[in-house]
Amino acid sequence: QVQLVESGGGSVQAGGSRRLSCAASGATYNTRCMAWFRQTPGKQREGVASITVDGRPAYADSVKGRFTISQDVTKSTLYLEMNSLKSDDTAIYYCAAKRSSGGCVFVPAWYNYWGQGTQVTVSS
């Protein structure tokens with residue numbers, strides 16, 4: 001089992017920045033991919049950014065150039081640096097971990113472990 005705990009959410013004005021963290025514990029050696037998803041009421045959960053166990057990132061088109069995913073393996077912590085925030089970025093952000101190999105695709109059903117989510121609200 002892997003436990004994931006997100007932190008860093010809150011309110012920010014449009015154009016501002018925010019950094020989310022996800023602390024992982026448990027059988028983290030089993031994970032092949034970590035990712036950030038987000039969800040707003042009435043919409044499906046969407047992938048934002050992912051990173052492989054060897055550090056290769058991938059981003060949704062909507063956040064490319066604005067968000068940066070990174071990981072500190074020594075601290076078992078995943079980060080999401082969010083810059084130039086827009087009101088459309090308002091959502092609950094979830095950290096997720098995937099056990100199997102096969103790429104860090106943004107398919108929520110393929111991820112085995114999830115955090116509880118952290119709310120990010122961007123006001124214009």
Side-chain angles (χ1 to χ4, degrees):
Q1 288 292 322
V2 174
Q3 293 78 42
L4 302 172
V5 179
E6 302 98 335
S7 61
S11 297
V12 61
Q13 290 205 333
S17 299
R18 199 84 184 180
R19 188 176 83 156
L20 304 182
S21 299
C22 172
S25 60
T28 57
Y29 54 86
N30 276 340
T31 60
R32 294 294 177 265
C33 179
M34 299 289 292
W36 289 97
F37 287 79
R38 65 186 181 187
Q39 190 170 23
T40 54
K43 292 188 178 181
Q44 290 187 339
R45 195 167 293 191
E46 64 169 352
V48 174
S50 66
I51 190 165
T52 63
V53 66
D54 55 354
R56 284 176 289 125
Y59 299 94
D61 288 343
S62 59
V63 306
K64 276 181 183 175
R66 300 189 298 122
F67 290 12
T68 302
I69 189 171
S70 62
Q71 58 188 0
D72 185 333
V73 177
T74 63
K75 296 181 179 179
S76 296
T77 301
L78 181 73
Y79 301 100
L80 185 67
E81 185 73 37
M82 305 184 294
N83 298 313
S84 302
L85 283 162
K86 308 174 182 178
S87 56
D88 286 348
D89 295 319
T90 295
I92 299 175
Y93 283 73
Y94 297 90
C95 172
K98 179 172 173 281
R99 279 201 309 259
S100 61
S101 59
C104 294
V105 292
F106 293 138
V107 179
W110 291 11
Y111 287 76
N112 308 98
Y113 307 106
W114 293 86
Q116 82 286 354
T118 185
Q119 175 73 47
V120 174
T121 302
V122 183
S123 58
S124 56

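Throughout, numbering of the chain's residues begins at 1 and tracks the sequence. Side chains included, hydrogens not; waters and symmetry mates left out as well; all remaining heavy atoms used.
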- prompt: Is a side-chain N or O of Thr28 found less than 3.5 angstrom from the main chain of Ser25, in a donor-acceptor match?
  reply: no
query: Salt bridge or not for Lys64 and Asp61, using N-O below 4.0 Å?
result: yes
field: Backbone of Gly8 reached by a side-chain donor or acceptor of Arg18 within 3.5 Å
entry: yes
- prompt: Under 3.5 Å, is there a donor-acceptor pair between the side chain of Lys75 and the main chain of Ala24?
  reply: no
- request: Verify, without hydrogens or angle tests, whether Asn112 (side chain) and Arg99 (backbone) share a donor-acceptor contact under 3.5 angstrom.
  value: yes
message: How close do Met82 and Val120 get, counting heavy atoms only, and between which atoms?
response: CE-CG2, 3.9 Å
field: Same apolar cluster (I L V M F W Y, side chains within < 4.5 Å links), Tyr79/Val63
entry: no
Between NZ on residue Lys43 and CZ on residue Arg38, distance to nearest 0.5 Å: 9.0 Å
- request: Heavy atoms only: give me the nearest Arg32-Cys104 pair and the separation to one decimal.
  value: O-SG, 4.3 Å
- prompt: Judged by atom type as modelled, is there a donor-acceptor pair below 3.5 Å linking the side chain of Gln71 to the main-chain atoms of Ile51?
  reply: no
message: When you measure from the side chain of Thr31 to the backbone of Ala97, do you find a donor-acceptor pair of N or O atoms at a distance under 3.5 Å?
response: no
query: Is the closest side-chain heavy-atom distance between Val107 and Lys98 below 4.5 Å?
result: no
- prompt: Any side-chain heavy-atom pair from Lys86 and Ser62 closer than 4.5 angstrom?
  reply: no
query: Can you check side chain to side chain contact (heavy atoms under 4.5 Å, CB included) on Asn30 and Gln1, steps first, answer last?
result: CA-CA 9 Å; Asn30 276 340; Gln1 288 292 322; over 6 Å; no
message: If you compare all heavy atoms of Cys33 against all heavy atoms of Ser50, which two are closest, and at what distance to 0.1 Å?
response: SG-CB, 4.2 Å
task: Give, for atom CG of Asp88 and atom OG1 of Thr40, the distance between the pair rounded to the nearest 0.5 Å.
output: 9.5 Å
More than 12 heavy atoms from other groups under 6.0 Å of CD on Gln13: no
- prompt: Are Val2 and Tyr93 in one and the same hydrophobic cluster, where Ile, Leu, Val, Met, Phe, Trp and Tyr link if side-chain heavy atoms are under 4.5 Å apart?
  reply: yes
- request: Would you check if the side chain of Glu6 reaches a backbone N or O of Gly117 as a donor-acceptor pair within less than 3.5 Å?
  value: yes
message: Could you measure the distance from the OG atom of Ser124 to the CG atom of Leu85? Nearest 0.5 Å is fine.
response: 12.5 Å
Nearest atoms (heavy-atom pairs only) where Leu80 meets Ala49: CD1-CB, 4.1 Å
- request: Apply side chain to side chain contact (heavy atoms under 4.5 Å, CB included) to the pair Phe67 and Val48, showing each step before the final yes or no.
  value: CA-CA 9 Å; Phe67 290 12; Val48 174; 3.5 Å; yes
query: Is it true that a side-chain atom of Thr68 and a backbone atom of Glu81 form a donor plus acceptor pair closer than 3.5 Å?
result: no
field: Listed partners of Phe37 passing ring-ring contact (aromatic ring centres under 6.0 Å, His included), at least two apart
entry: Tyr111, Trp114
query: Cys95 and Leu4: which non-hydrogen atoms are nearest, and at how many Å?
result: O-CD1, 3.7 Å
- line: Per side chain to side chain donor-acceptor pair (under 3.5 Å), Gln39 is matched among Glu46, Arg45, Gln44 by Arg45
query: Have Thr77 and Asp72 got a donor and an acceptor in their side chains that come within less than 3.5 Å?
result: no
message: Test your reading of the model: is there a side-chain donor-acceptor pair from Thr118 to the backbone of Gly9, 3.5 Å cut-off?
response: yes
task: Walk me through it: do Cys22 and Trp36 pass the test side chain to side chain contact (heavy atoms under 4.5 Å, CB included)?
output: CA-CA 9 Å; Cys22 172; Trp36 289 97; 3.7 Å; yes
field: Nearest atoms (heavy-atom pairs only) where Ile69 meets Met34
entry: CD1-O, 4.2 Å
